[in-house]
J.: 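Pasting a structure here, questions to come.
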Amino acid sequence: LAQAICGSSRFWTKTHCLGICQRSERIEFSRVFSDSLSAMSVEKRVDPDDGAAYTFEELSAFYKGKYKKNEIKAYWEDTCKPAKGKKGAKAKAKGKAKAEPKAKAKAEPKAKAKAKAKAEAAPKSLGKPATEGQNRSSAPVNISALTKISKDDLGLLPQPSKPRFKTALVGAYVRSQPYGGSDKSSNGHRYDSIPFANGMIMAGMSCQLINYVHDE
């Protein structure tokens, strides 16, 4: 071996030859290990957790911090099966999900909290519309000092107990015309007043129907 490496074995002892052999073995092991890692980086295997195929690098990046390196490697070799073909859109790298900006990750809880607050603010049960002769505009704001000209609030939904905003829809009443004008129904409201007010109520706001009285 000494002669093959250096051209002569004249001054080489057994110890020198043993050292060269050990070094040769280390070089060979390093080469094999490197080839093994290279193969793993190209090869894709199916993760049973979601059924998608990943390279060893992608799998390691995803599970980093959750499991030790040797555990991930054992999971790759023993549990993950070689991918037979392309998984298409389903086989997206898990590393990509981890590489998303932190700002996006922070924005998601805020968006969920905002959606939850909006859902809580909206009325859970709208209730039944008002029947003939029923008034739904006396609350939440006290309007008892105002003159009520309309007969009832037929079709109006119940006002929210905790409205996001308090609004009112003011209607004009023409005293010289039947029912207060040609645009009014028999109860004194415009034909579109109830649908407008119900839209506000369904959005979590209160909407009281009041009349404009010029004398007041």
J.: Are any non-hydrogen side-chain atoms of Asp192 and Asp183 less than 4.5 angstrom apart?
T.: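 No, every pair of side-chain atoms sits at 4.5 Å or beyond.
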J.: Ile72: what forms a side chain to side chain contact (heavy atoms under 4.5 Å, CB included) with it, not counting sequence neighbours?
T.: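 Checked Ile72 against side chain to side chain contact (heavy atoms under 4.5 Å, CB included); matches are Phe56, Ser60, Tyr63, Tyr67.
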J.: Please tell me whether Phe165 and Val141 are part of a single hydrophobic cluster in this structure, the criterion being side-chain heavy atoms less than 4.5 Å apart.
T.: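 Result: no, two separate clusters.
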J.: Could you work out, with side chain to side chain contact (heavy atoms under 4.5 Å, CB included) as the rule, every residue matching Asn187, not counting sequence neighbours?
T.: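 Result, side chain to side chain contact (heavy atoms under 4.5 Å, CB included) vs Asn187: Lys151, Asp152, Leu154, Ser185, His189.
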J.: Quick one: OG1 on Thr167 to CE on Met205, what's the gap to the nearest 0.5 Å?
T.: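 Interatomic distance, Thr167 OG1 to Met205 CE, rounded to 0.5 Å: 6.0 Å.
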J.: What residues, two or more places apart in sequence or in another chain, satisfy side chain to side chain donor-acceptor pair (under 3.5 Å) together with Asn142?
T.: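 Ser144.
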J.: Taking side chain to side chain contact (heavy atoms under 4.5 Å, CB included) as the definition, give me every residue that meets it alongside Pro48, ordered by chain and number, with sequence neighbours left out.
T.: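 So Pro48 forms a side chain to side chain contact (heavy atoms under 4.5 Å, CB included) with Tyr75, Thr79, Cys80.
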J.: Treating Thr131 as the side-chain partner and Gln134 as the backbone partner, does any N or O pair qualify as donor plus acceptor under 3.5 Å?
T.: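 Checked: no pair found.
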J.: Working to the nearest 0.5 angstrom, can you tell me the gap between Leu146 CG and Tyr212 OH?
T.: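 So the CG of Leu146 and the OH of Tyr212 are separated by 12.5 Å.
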J.: Mind jotting down which residue pairs meet the salt bridge (Lys or Arg N to Asp or Glu O under 4.0 Å) criterion with at least one end in residues 198-208? Sequence neighbours excluded, please.
T.: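 As it turns out, there is no salt bridge (Lys or Arg N to Asp or Glu O under 4.0 Å) pair with a partner in residues 198-208 once direct neighbours are skipped.
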J.: Could you state the interatomic distance from OG (Ser193) to CG (Leu156), rounded to the nearest 0.5 Å?
T.: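 With rounding to 0.5 Å, OG (Ser193) is 10.0 Å from CG (Leu156).
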J.: To the nearest 0.5 Å, tell me how far Thr147 OG1 sits from Ile210 CD1.
T.: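 These two atoms lie 11.0 Å from each other.
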J.: Of the non-hydrogen atoms in Glu58 and Lys44, which two are nearest, and what is the gap between them?
T.: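 So the two residues come closest at OE1-CE, 4.4 Å.
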J.: Rounded to the nearest 0.5 Å, how far does CD of Gln159 lie from NZ of Lys166?
T.: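 Reported value, rounded in 0.5 Å steps: 11.0 Å.
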J.: Quick one: side chain to side chain contact (heavy atoms under 4.5 Å, CB included) partners of Pro82, sequence neighbours excluded?
T.: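 Expected list: Glu43, Arg45.
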J.: Got more than 12 heavy atoms from elsewhere within 6.0 Å of CD, Glu71?
T.: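 Check passes, neighbour count above 12.
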J.: Would you name the heavy atoms of Ala53 and Ala83 that are closest together and state the gap between them?
T.: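 Shortest heavy-atom contact: CB-CB, 3.8 Å.
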J.: Once rounded to the nearest 0.5 Å, what's the spacing between atom SG of Cys207 and atom CG of Leu169?
T.: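 Answer rounded to 0.5 Å: 5.0 Å.
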J.: Determine the sole option in Asp153, Ile143, Leu209, Val213 for which the side-chain contact (heavy atoms from CB on, under 4.5 Å) test with Lys148 is passed.
T.: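 Filter result, single survivor: Asp153.
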